[in-house]
Amino acid sequence: METSTIHPLRLQSWHFLTTRTLSGEENMHCDAETLDRVGRGYLPPTLRFFKFKKPTVSYGRLQKFEFITPLVPRGWDMVIRPTGGGIVFHDNDLCVSLAWPKGETHIPSKPRDTYQWIHAVIRQGLDDSLRMACCADTAGVKKPFEIRECFTEPVGFDLLAGSQKVVGGALRSTRDAVLYQGSIQLPNLPTYEPTLLAAFKTALNSPRV
């Protein structure tokens, strides 16, 4: 009996979507599944805006459950991210994830440059008065990695409003694809989504240079 093989189809036009509010587990599963399917060529590069159904603490995949649990406020959910980074408190923030095949978009490949590129686009879509964190902003005393909080300890190319970090993100790189997950913690966030989407559409679909 003959069998047929369905070969993955590489699609290079970006797919943009906003999902309904989901639980922490659902949001993280969605991004992990997207990373896998983009890497195998079953999905095009994908950008997703999302929010959490209830207050949730997420923590990086290299952190440990037992260290994070005491820091979770009563009544909040807790979830591990497929990306790295530190603890993030998700309440009224707007989150964005991007998943793309390695070498098949013009997002820079080096992690440092990836953060700078994505956060420059977010800055354009939010507010040009935001500034990128520099060495002076990141030189403070750091908590141990096991309990490090993302939004109290800026790293290079995070976005700041004054001295307060308002945009941060983390990466996960597999053999075939890359996932970025970011949190935007500014007031009146729903009003920013159209301008953020426009900024990303322009940047991601522009010709390579």
Side-chain angles (χ1 to χ4, degrees), residues 14-40 42-43 45-100 111 114-115 118-119 121-122 125-126 143-155 158-159 164-174 177-193 196-197 200:
W14 276 80
H15 178 49
F16 302 93
L17 73 155
T18 299
T19 52
R20 61 183 175 84
T21 55
L22 300 170
S23 69
E25 291 287 350
E26 289 170 329
N27 272 320
M28 297 305 102
H29 176 78
C30 182
D31 281 348
E33 181 72 9
T34 299
L35 173 65
D36 176 67
R37 291 177 64 81
V38 166
R40 292 190 291 140
Y42 290 107
L43 285 178
T46 299
L47 180 148
R48 181 174 77 102
F49 291 112
F50 63 97
K51 300 192 78 173
F52 288 80
K53 186 179 294 183
K54 62 176 294 187
T56 301
V57 172
S58 73
Y59 61 101
R61 68 186 189 92
L62 300 180
Q63 294 183 303
K64 296 185 182 298
F65 175 86
E66 58 267 29
F67 292 112
I68 308 303
T69 302
L71 305 176
V72 178
R74 182 184 297 273
W76 284 50
D77 284 349
M78 175 179 173
V79 66
I80 188 170
R81 295 191 306 273
T83 51
I87 304 165
V88 180
F89 293 82
H90 304 278
D91 193 356
N92 295 312
D93 58 335
L94 176 65
C95 296
V96 58
S97 63
L98 296 89
W100 65 95
T114 301
Y115 286 119
I118 291 175
H119 289 174
V121 177
I122 292 175
L126 289 176
K143 292 181 180 178
F145 174 75
E146 291 83 359
I147 57 171
R148 185 167 297 170
E149 297 180 16
C150 181
F151 276 78
T152 61
E153 299 184 18
V155 296
D158 286 340
L159 292 182
Q164 177 61 50
K165 177 175 174 176
V166 294
V167 178
L171 293 171
R172 171 74 180 276
S173 181
T174 66
V178 182
L179 172 67
Y180 167 91
Q181 292 178 307
S183 172
I184 302 167
Q185 303 200 358
L186 280 170
N188 304 316
L189 277 169
T191 64
Y192 289 113
E193 192 172 321
L196 280 168
L197 179 59
F200 271 112

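Note that the coordinates shown come from a computational prediction; the quantities given were computed from them, not determined experimentally.
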Identify each donor-acceptor pair in which a side-chain atom of residues 69-77 lies under 3.5 Å from a protein atom, sequence neighbours left out, and give them as a table.
| unit_1 | atom_1 | unit_2 | atom_2 | d |
| --- | --- | --- | --- | --- |
| T69 | OG1 | F65 | O | 2.9 |

- [ ] Would you check if the distance from the ring center of H90 to the ring center of F50 is below 6.0 Å?
- [x] no
Taking [X] for the side chain and [Y] for the main chain, is one N or O donor matched with an acceptor at less than 3.5 Å?
X: Y115; Y: L171; answer: yes
X: N27; Y: G24; answer: no
X: T56; Y: K54; answer: yes

TODO: Could you walk me through whether I80 and M28 pass the side-chain contact (heavy atoms from CB on, under 4.5 Å) test, one step at a time?
DONE: CA-CA 8 Å; I80 188 170; M28 297 305 102; over 6 Å; no
Task: Exercise: do T83 and Q181 side chains pair donor with acceptor under 3.5 Å - done: yes
Open item on the list: Is there a side-chain contact (heavy atoms from CB on, under 4.5 Å) between L47 and H15? Walk through the geometry before answering.
Closed with: CA-CA 6 Å; L47 180 148; H15 178 49; over 6 Å; no
Open item on the list: Using 0.5 Å steps for rounding, measure from the OG1 atom of T46 to the CG atom of L179.
Closed with: 10.5 Å
TODO: For the pair E193 and L94, evaluate side-chain contact (heavy atoms from CB on, under 4.5 Å) and give the outcome as yes or no after the intermediate values.
DONE: CA-CA 8 Å; E193 192 172 321; L94 176 65; 4.0 Å; yes
TODO: Return each pair, listed once, that meets salt bridge (Lys or Arg N to Asp or Glu O under 4.0 Å) where at least one residue sits in residues 15-36; pairs must be two or more places apart or across chains.
DONE: D31-R48, D36-R40
Task: Set of residues satisfying ring pair (Phe, Tyr, Trp, His ring centres under 6.0 Å) with respect to Y59, sequence neighbours excluded - done: none
